[in-house]
There are 2 protein chains.
Amino acid sequence: MNIGDVARRSGLPPKTIRYYEDIGLVSPLRSGNGYRSFRESDLHKLAFLGRARSLGFTIDDCRTLLKLYEDDGRASADVKKIASDHLTRIDAKVEELLAMRRTLSHLVHECAGDNRPDCPILDDLAASASVDGPVEKSVHR
Amino acid sequence: MNIGDVARRSGLPPKTIRYYEDIGLVSPLRSGNGYRSFRESDLHKLAFLGRARSLGFTIDDCRTLLKLYEDDGRASADVKKIASDHLTRIDAKVEELLAMRRTLSHLVHECAGDNRPDCPILDDLAASASVDGPVEKSVHR
DNA sequence: CATAAGGGTTCCCCTGACTGGAAGGTCAAG
DNA sequence: CTTGACCTTCCAGTCAGGGGAACCCTTATG
């Protein structure tokens, strides 16, 4: 299979597949004309990677997951740990976004959104942007 | 004020402040020794930027918000639009993360996490990674 | 006076995970 | 012969800074 076929069947862009080869995630063969020649097993790996990436795993996680996948003697605990840690990261990110969301949503509701200049959103940005007050240490100017 | 003072009072790292100057968000004066010399108004801008960034606005949004902030003839509608659009982006991101979270959380609960190799997580990655079936067009190998 | 500490400066490279584009080789069809 | 669809490599850019080198300025201390 050429890269285009693999791209269609895996759903990954050719650029991404080349990139994955670059960083050593797949190692397709080469045909006489220099084209990459993918085996079914390469396609399978790429699809695995695509799925893992779509669940938000980092490339580094993917590399480890792929190794574990290919290791018949793996302990599922190792896989579970990677996934749990990732879940924790996701939760943290969601919390962060929801905190922003709360503030923003409040401000947006307060703002008239007309052609007048008065704007609680800008007020908040400017005010909460209150500065710590004059500096005391390092008094040299 | 030197950059260190401004960093302390605005909560932004000196590196970030220099970067903001680089991309034209602030324009501090220079003292005779070549040091940046920040006015209170620069500090204010930087604090504004820090607050906007902490709410997740992109640098580009920040640039626009800053312009609007300094424009007495602004329409609050313009500000509101930026904030609303950002809110929409946040919601989309949260949804995306929650979708990942649902799948991952399910898989993690299914996985024994012991020293045996059987692992529903890997099974899912490998299986959902099912390929589209043989390619029909572009049949040249 | 020398020097050390603790500011500051510019400059360049690095990050993650790709994406875009240029310049050029290969292959089958019309 | 040429067109068009593939493929190749390589370089540069993205976003928002962070790390670190090499060097300058100022003040305090021995």
Side-chain angles (χ1 to χ4, degrees), chain A residues 1-38 42 46 49-66 86 89 93 96 100 135-141, chain B residues 1-38 42 46 49-66 86 89 93 96 100 135-141:
Chain A
M1 275 178 294
N2 283 345
I3 199 167
D5 304 320
V6 181
R8 268 184 293 278
R9 294 179 60 189
S10 70
L12 296 172
K15 279 274 188 185
T16 298
I17 297 173
R18 292 196 192 97
Y19 173 66
Y20 287 175
E21 183 185 6
D22 252 28
I23 61 175
L25 287 178
V26 278
S27 302
L29 304 172
R30 294 290 177 140
S31 322
N33 55 11
Y35 288 14
R36 286 168 184 79
S37 179
F38 294 84
D42 293 319
L46 286 167
L49 289 170
R51 170 73 172 162
R53 288 290 297 130
S54 81
L55 288 177
F57 286 104
T58 66
I59 289 283
D60 221 53
D61 283 345
C62 288
R63 195 186 300 275
T64 310
L65 288 171
L66 206 48
H86 180 38
R89 286 198 306 267
K93 189 70 188 170
E96 191 190 334
M100 291 176 183
V135 174
E136 280 140 25
K137 308 189 178 177
S138 100
V139 188
H140 58 174
R141 170 223 353 255
Chain B
M1 275 179 292
N2 284 346
I3 200 167
D5 304 321
V6 181
R8 270 183 292 278
R9 292 179 61 189
S10 69
L12 295 172
K15 280 272 188 186
T16 298
I17 297 173
R18 294 198 191 96
Y19 173 65
Y20 287 174
E21 183 185 6
D22 252 28
I23 62 175
L25 287 178
V26 279
S27 303
L29 305 172
R30 294 289 177 143
S31 320
N33 55 12
Y35 288 14
R36 287 169 182 79
S37 179
F38 295 84
D42 294 319
L46 286 168
L49 290 169
R51 170 73 172 163
R53 289 289 297 130
S54 81
L55 287 178
F57 286 104
T58 65
I59 290 283
D60 221 52
D61 284 344
C62 288
R63 196 185 300 276
T64 309
L65 288 171
L66 205 48
H86 180 37
R89 287 200 306 269
K93 188 68 187 172
E96 191 192 333
M100 290 177 183
V135 174
E136 277 138 28
K137 309 189 176 174
S138 100
V139 188
H140 58 177
R141 174 225 340 266

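None of the values given here were measured: they were computed from a predicted structure. So that the names make sense, note that chain A is the first sequence line, chain B the second, and so on, each numbered from 1.
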Handout entry: Flag, side chain of N2(A) to backbone of G4(A), donor-acceptor distance under 3.5 Å
Key = no

Exercise for the section: To the nearest Å, give me how far apart CZ (R63(A)) and C1' (dC18(C)) are. Expected result: 14 Å

Practice task
Quickly work out the I17(A) CD1 to dC6(D) P distance and round it to whole Å.
Solution key: 14 Å

Exercise for the section: Enter the distance from M1(B):CE to R8(B):CZ here, rounded to the nearest 0.5 Å. Expected result: 11.5 Å

Practice task
Check every strand shown and say whether Y20(B) touches a base, only sugar-phosphate, or nothing at a heavy-atom separation below 4.0 Å.
Solution key: sugar-phosphate

Exercise for the section: Would you indicate which nucleotide in dG17(D), dT9(D), dT19(C) comes nearest to any side-chain atom of T16(B)? Expected result: dG17(D)

Handout entry: For atom CZ of F38(B) and atom C1' of dT9(C), their distance in whole Å
Key = 12 Å

Problem - L49(A) side, atom CG; I59(A) side, atom CD1 - distance, nearest 0.5 Å - result: 7.0 Å

Completion exercise
Rounding to 0.5 Å, atoms CD1 (I3(A)) and OG (S37(A)) come to a distance of 11.5 Å

Fill in the blank from the handout: Of the listed dA16(D), dT9(D), dC18(C), the closest approach to the I59(A) side chain comes from dC18(C)

Fill in the blank from the handout: Side-chain atoms of I3(B) come closest, of dA17(C), dG17(D), dT9(C), to dT9(C)

Problem - Per-nucleotide protein contact string for nucleotides 20-25 of chain D, where B marks a base within reach and S marks sugar-phosphate only (heavy atoms under 4.0 Å, - for neither) - result: B----B

Completion exercise
When rounded to whole Å, the CG to C1' distance for the pair N2(A) and dT8(D) reads 12 Å

Exercise for the section: Go through the structure and list residues passing ring pair (Phe, Tyr, Trp, His ring centres under 6.0 Å) with F57(B), not counting sequence neighbours. Expected result: H86(B)

Practice task
Please report, rounded to the nearest Å, how far the C1' atom of dC14(C) is from the OH atom of Y19(B).
Solution key: 14 Å

Practice task
For the residue pair D42(B) and V6(B), establish whether any side-chain heavy-atom pair is separated by less than 4.5 Å.
Solution key: no

Fill in the blank from the handout: Overall bend of the helix from dC1(C)-dG30(D) to dG30(C)-dC1(D) (five pairs an end, 10° steps) is 40°

Exercise for the section: Let me know the distance between CE of M1(B) and C1' of dG8(C), rounded to the nearest Å. Expected result: 16 Å

Exercise for the section: Please state how far atom CD in E21(B) lies from atom P in dC11(C), giving the value in whole angstrom units. Expected result: 12 Å

Completion exercise
Residue set satisfying side-chain contact (heavy atoms from CB on, under 4.5 Å) with T58(A), at least two apart, ordered chain then number -> D60(A), D61(A), R89(A)

Practice task
Mind checking P13(A) for me? I need base, sugar-phosphate or nothing, with any heavy atom below 4.0 Å counting as a touch.
Solution key: sugar-phosphate

Practice task
Could you work out which one of dA17(C), dT10(C), dG17(D) sits closest to the side chain of R30(B)?
Solution key: dT10(C)

Side-chain polar contacts of residues 12-28 of chain A - donor-acceptor pairs under 3.5 angstrom, sequence neighbours left out - could you list them?
{"unit_1": "E21(A)", "atom_1": "OE1", "unit_2": "R36(A)", "atom_2": "NE", "d": "2.4"}
{"unit_1": "E21(A)", "atom_1": "OE1", "unit_2": "R36(A)", "atom_2": "NH2", "d": "3.3"}
{"unit_1": "E21(A)", "atom_1": "OE2", "unit_2": "R30(A)", "atom_2": "NH2", "d": "3.4"}

Exercise for the section: Report which part of the nucleic acid R36(B) touches: base, sugar-phosphate, or nothing (heavy-atom distance under 4.0 Å, all strands). Expected result: sugar-phosphate

Problem - Rounded interatomic separation in angstrom, taking CZ from R89(A) and P from dG16(C) - result: 12 Å

Exercise for the section: Quick one: label R18(B) by what it contacts on the DNA or RNA (base, sugar-phosphate, nothing), any heavy atom closer than 4.0 Å. Expected result: base

Problem - First of P14(A) and T58(B) reached from the 5' end of DNA chain D, by closest nucleotide - result: P14(A)

Practice task
List the steps and the verdict of side-chain contact (heavy atoms from CB on, under 4.5 Å) for R63(B) and L66(B).
Solution key: CA-CA 5 Å; R63(B) 196 185 300 276; L66(B) 205 48; 5.9 Å; no

Practice task
Over all heavy atoms of both residues, which pair between S54(B) and M100(A) is shortest? Give the atoms and the distance, please.
Solution key: O-CE, 3.6 Å

